[in-house]
Protein chains: 2
Amino acid sequence: MLTIGTLAKRTGTKVQTIRYYEQIGLLPEPGRSAGGQRRYGDSELDRLSFVRHARQLGFSLDAIRELLDLSDHPDKSCAEADAIARRQLKQVEQRLARLEALRTELKRMVHECSGGQTSDCRVLEVLRDHSECLTEHEEIGA
Amino acid sequence: MLTIGTLAKRTGTKVQTIRYYEQIGLLPEPGRSAGGQRRYGDSELDRLSFVRHARQLGFSLDAIRELLDLSDHPDKSCAEADAIARRQLKQVEQRLARLEALRTELKRMVHECSGGQTSDCRVLEVLRDHSECLTEHEEIGA
DNA sequence: TTTACACCCTCTAGCTACTGTAGGTTCAAG
DNA sequence: CTTGAACCTACAGTAGCTAGAGGGTGTAAA
């Protein structure tokens with residue numbers, strides 16, 4: 001049996017985060033010691049590892065909820081899990097494209113700055129005048 | 001003189017966002033009509049455009065505050081603005097690197113999924129077992 | 001002039017995914 | 001039996017907005 005602190009260390013999660021996952025129903029309520037402290041077994045360790053890994057891959061908590069549900073029903077079709085992963089991949093690719101455009105623009109700003117006074121700073125100038133941008137970047141970059 | 005709605009349209013900002021920027025001190029308090037409605041001039045339009053453009057390039061509101069301050073003092077050295085932009089560029093490049101690793105992993109998951117039952121779904125399997133990952137991705141992908 | 005209606009006002013709460021703090025209790029070692 | 005780390009609950013705060021309630025303003029047509 002693991003305490004919450006041990007579980008946290010093993011999974012690289014903060015203690016509060018574990019309690020938060022329990023609160024929002026992502027992890028089941030665990031057993032308790034006589035004094036009321038949480039005690040975890042291996043299934044909870046696996047489940048939390050799954051969650052953390054999915055988070056590292058950028059899945060939202062809602063997506064993870066779905067994935068966990070699929071994982072709990074081995075007889076269901078794999079198609080849904082596949083769709084979720086494809087959706088996530090698509091999102092990542094969109095973000096990559098946006099970030100690449102941002103990098104281009106930022107590089108140009110930084111390169112053109114000659115280091116004088118702010119009155120003729122390229123960085124500030126570009127920010128003032130969108131028409132100086134070569135790329136489109138309507139969406140916020142993140 | 002512009003109403004808040006017109007300013008919003010011109011800058012591609014939501015009305016509430018403009019009020020929010022005012023509230024956190026990013027935009028100055030504007031003049032008001034007799035009935036108490038906000039009225040804006042060209043300087044506010046320029047300032048808000050600057051803010052939105054910087055947001056599109058991914059600068060944080062704190063960074064934007066600094067950039068605005070520099071922009072208000074044309075005699076200051078450009079070095080600070082340059083440093084802020086370089087910091088932002090570095091952040092973007094770090095995110096790009098992380099996202100590229102995520103894309104690799106997600107692509108692999110999706111490609112290997114054969115479309116059967118969840119019991120042998122590669123997507124879920126990879127999530128269950130971190131050791132199946134080829135790349136490191138300790139930080140959350142965003 | 002009155003009435004309609006889009007727009008504006010303030011205030012408060014909600015979103016994601018946590019993180020931190022306060023004030024108190026439990027556990028295990030010595 | 002005492003000490004001190006680790007645990008408990010409950011609530012507030014983070015970024016950067018966004019949405020809603022409940023009401024007031026501005027303007028143009030009838």
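Residue numbering restarts at 1 for every chain, and letters A, B, ... go by the order of the sequence lines.
- Going from atom CZ of F59(A) over to atom P of dC18(C) covers 14 Å, rounded to whole Å.
- DNA chain D is contacted by both S60(B) and Q16(B); S60(B) maps to the nucleotide lying nearer its 5′ end (nearest heavy atom per residue).
- Among pairs with a residue in residues 10-32 of chain A, those fulfilling salt bridge (Lys or Arg N to Asp or Glu O under 4.0 Å) read E22(A)-R38(A), at least two apart in sequence or across chains.
- R55(A) has its CZ atom 10 Å from the P atom of dT19(C), to the nearest Å.
- Under the side-chain contact (heavy atoms from CB on, under 4.5 Å) criterion, Q94(B) pairs with K90(B), not counting sequence neighbours.
- If you find the closest nucleotide of DNA chain C to S33(A) and to T17(A), the one lying nearer the 5' end belongs to T17(A).
- Between M1(B) atom CE and dG26(D) atom C1' there is a gap of 17 Å when expressed in whole angstrom units.
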Letter per nucleotide, 5' to 3', of nucleotides 1-9 of chain D [B base touched, S only sugar-phosphate touched, - untouched; heavy atoms, 4.0 Å]: ------SSB

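- Whole-Å rounding puts the Y20(B) OH to dC15(C) C1' distance at 13 Å.
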Base-pairing string, 5' to 3', of DNA chain C - Watson-Crick or wobble, under 3.5 Å, | interstrand: ||||||||||||||||||||||||||||||

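- To the nearest angstrom, C1' of dT10(C) lies 16 Å from CD1 of I18(B).
- At the heavy-atom level, Y21(B) lies under 4.0 Å from the strands shown only through sugar-phosphate atoms.
- Contact between the side-chain N/O atoms of R65(A) and the OP1/OP2 oxygens of dA17(C) is not found at any separation under 4.0 Å.
- D62(A) meets the salt bridge (Lys or Arg N to Asp or Glu O under 4.0 Å) test with R65(A); sequence neighbours excluded.
- For R122(A), the side chain to side chain donor-acceptor pair (under 3.5 Å) criterion is met by E112(A), E125(A), E132(A), not counting sequence neighbours.
- Here Y21(B) pairs with R52(B) under the side chain to side chain donor-acceptor pair (under 3.5 Å) rule; sequence neighbours left out.
- Atom NZ in K14(A) sits roughly 13 Å away from atom C1' in dA17(C) (whole-Å rounding).
- Within the 4.5 Å cutoff, the side chain of H53(A) has heavy atoms near those of the Q56(A) side chain.
- Taking the side chain to side chain donor-acceptor pair (under 3.5 Å) definition, one finds that T6(A) meets it with T3(A), sequence neighbours left out.
- Separating the CD atom of Q23(A) from the C1' atom of dC18(C) is a distance of 11 Å, rounded to the nearest angstrom.
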Side chains of residues 75-82 of chain A: which donor-acceptor pairs under 3.5 Å do they make with residues two or more places apart or in other chains?
from   : atom 1 : to     : atom 2 : distance (Å)
K76(A) : NZ     : D69(A) : OD2    : 3.4
S77(A) : OG     : A79(A) : N      : 2.9
D82(A) : OD2    : R86(A) : NE     : 3.0
D82(A) : OD2    : R86(A) : NH2    : 3.3

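- Put simply, the side chain of T104(A) gets close to the backbone of E100(A): a donor and an acceptor are under 3.5 Å apart.
- Atoms CD (E22(A)) and P (dA10(D)) sit 12 Å apart, rounded to a whole Å.
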